[in-house]
Number of protein chains: 2
Amino acid sequence: MPNTGQGRRGSYAKGVAKREEILTRALDVIAREGYRGASVKELAAAVGLSQAGLLHYFDSKEELFTEILRKRDEIDTSAFGDLDALPADVNGVRAGYLQVIRHNSEVPGVVELFSRLSVEAADPQHPAHRFFVERNAALRTVFARVLQQAQDAGRITDAIDPDTLARIVQAVADGLQLQWMLEPDVDMARTVDALFRALGDRQASADAREDDDHD
Amino acid sequence: MPNTGQGRRGSYAKGVAKREEILTRALDVIAREGYRGASVKELAAAVGLSQAGLLHYFDSKEELFTEILRKRDEIDTSAFGDLDALPADVNGVRAGYLQVIRHNSEVPGVVELFSRLSVEAADPQHPAHRFFVERNAALRTVFARVLQQAQDAGRITDAIDPDTLARIVQAVADGLQLQWMLEPDVDMARTVDALFRALGDRQASADAREDDDHD
DNA sequence: GTCTATATGTTGATAGAC
DNA sequence: GTCTATCAACATATAGAC
């Protein structure tokens, strides 16, 4: 069982390191070259292994792809900061989230992998199911917290509860990815920002006006 | 070339009728039994044909699935009314759209087919690409028109333009489908309705409060 | 118009040598 | 740990009989 994820007792330290390296490189390849129906064989070649060699580290293709997305989140977190650890301020979270979205606009292959797996993970038996459920919930928790604060401060609408508001923000981001894959002209970050503005965030409005001037 | 879609010169009248019947039955099967990685062979059996017999009417699997979705829209339109032909009133459009969403909640297989194809259609060469692009644009046009009216009447926020607002509404609906497939407890219709409320539609708020009482 | 049979191409997974 | 070789399991598309 080579795929423990965490090295039990440290004995698989090297195997784990290699596994992490594989994931990083696979993610990089998808980011640079796109996701063109990527088969295990193609990915293997891209990371310099045979298909069997790559599958030595993962139980299945589905697990491999799930772990690639996990690595993506890990890298995004270290690059743009952990939304969860940020000062629980709506503008901090908003800015961090927009950074991630802007970055996504430059890696269509990763977005496609994400969306594709997200649909396939509908099946509770799919290895990515738990990943998506937990990821979505965690993200919404962060949103809900800062949105509630903003509501308490009277800065955004309190017509609906913060949990629903958080779900809406997440749905917009996911839905925009679908629209953007179909029509790359769609500006995901600007549209999410517009949503914040529509909800009544005065600071978001001000920032957006600044962005308009600078673009 | 059996798949003209419209019977040229009427000579394929019977073939076209059969084709329509196939699509209706295929849609019905997916609605009732779900989309379980449906292959052409499975669908063929479900509609009472061999795989080759079914593909006699369509160029490819992708075209078949695209046409199934087209038929879905056709049926929804005749069942719930044509959003485009409705009185251009925000509450009429909103109510009609919510009806469609509530119906979707009862046909997970159709939603899965839609989402799956939506991702695959990212490729401009995909037979469904044009379908999705045009469908999305048409829907947004309807939304944008009534949203602008609502803005003019001071009933919803005018912090952002109607086109962006329309895009947001569409993104929420699409994104909620992804969330709902992962977690069927998600109430898509109520959340979309909440969005309208958050945007400041007073009538939506009143209706929603009524709904709460009645549930 | 529909079927059977098949061509042809994948894919992911595994066994076993080194 | 990595490879070669091979596998079974499909898929879609097509040819040709009826």
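Computed from a predicted model, the values in this text were never measured in an experiment. Letters A, B, ... are given to chains in the order of the sequence lines, protein chains preceding strands, and every chain is numbered from 1.
The stretch residues 116-129 of chain B has no heavy atom under 4.0 angstrom from DNA chain C at all.
The side-chain hydrogen bond (donor to acceptor under 3.5 Å, both in side chains) check on B:Asn136 picks up nothing, with sequence neighbours excluded. Every residue meeting the salt bridge (Lys or Arg N to Asp or Glu O under 4.0 Å) condition with A:Glu42, not counting sequence neighbours, appears here in chain and number order: A:Arg36. In this view, B:Phe80 and B:His103 satisfy the ring-ring contact (aromatic ring centres under 6.0 Å, His included) rule, not counting sequence neighbours. For B:Arg72, there are no salt bridge (Lys or Arg N to Asp or Glu O under 4.0 Å) partners, not counting sequence neighbours. The side chain to side chain contact (heavy atoms under 4.5 Å, CB included) search around B:Arg25 returns B:Glu21, B:Val47, not counting sequence neighbours. Looking at residues two or more places apart in sequence or on another chain, you find a side chain to side chain contact (heavy atoms under 4.5 Å, CB included) between A:Ala122 and B:Met181. By the side chain to side chain contact (heavy atoms under 4.5 Å, CB included) test, A:Ser60 pairs with A:Glu62, A:Glu63, sequence neighbours left out. Residues meeting the side chain to side chain contact (heavy atoms under 4.5 Å, CB included) test with B:Ala31, sequence neighbours left out: B:Val107, B:Val110.
Annotation: salt bridge (charged side-chain N to carboxylate O under 4.0 Å, His left out) contacts involving residues 108-130 of chain B, sequence neighbours excluded, comprise B:Glu112-B:Arg116, B:Arg130-B:Glu134.
Separating the CG atom of A:Leu43 from the P atom of C:dT11 is a distance of 12 Å, rounded to the nearest angstrom. Taking atom CD on A:Glu42 and atom C1' on C:dT11, their separation rounds to 11 Å, with Å as the unit.
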Report, one pair per line, the protein and nucleotides 7-9 of chain D atoms (nitrogen or oxygen only) whose separation is under 3.5 Å.
none

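Side-chain contact check for B:Tyr97 versus B:Val169: some heavy-atom pair is nearer than 4.5 Å.
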Expected string for nucleotides 12-18 of chain C under the B/S/- scheme (protein heavy atoms, under 4.0 Å, primed atoms plus P, OP1, OP2 as sugar-phosphate) is BBB----
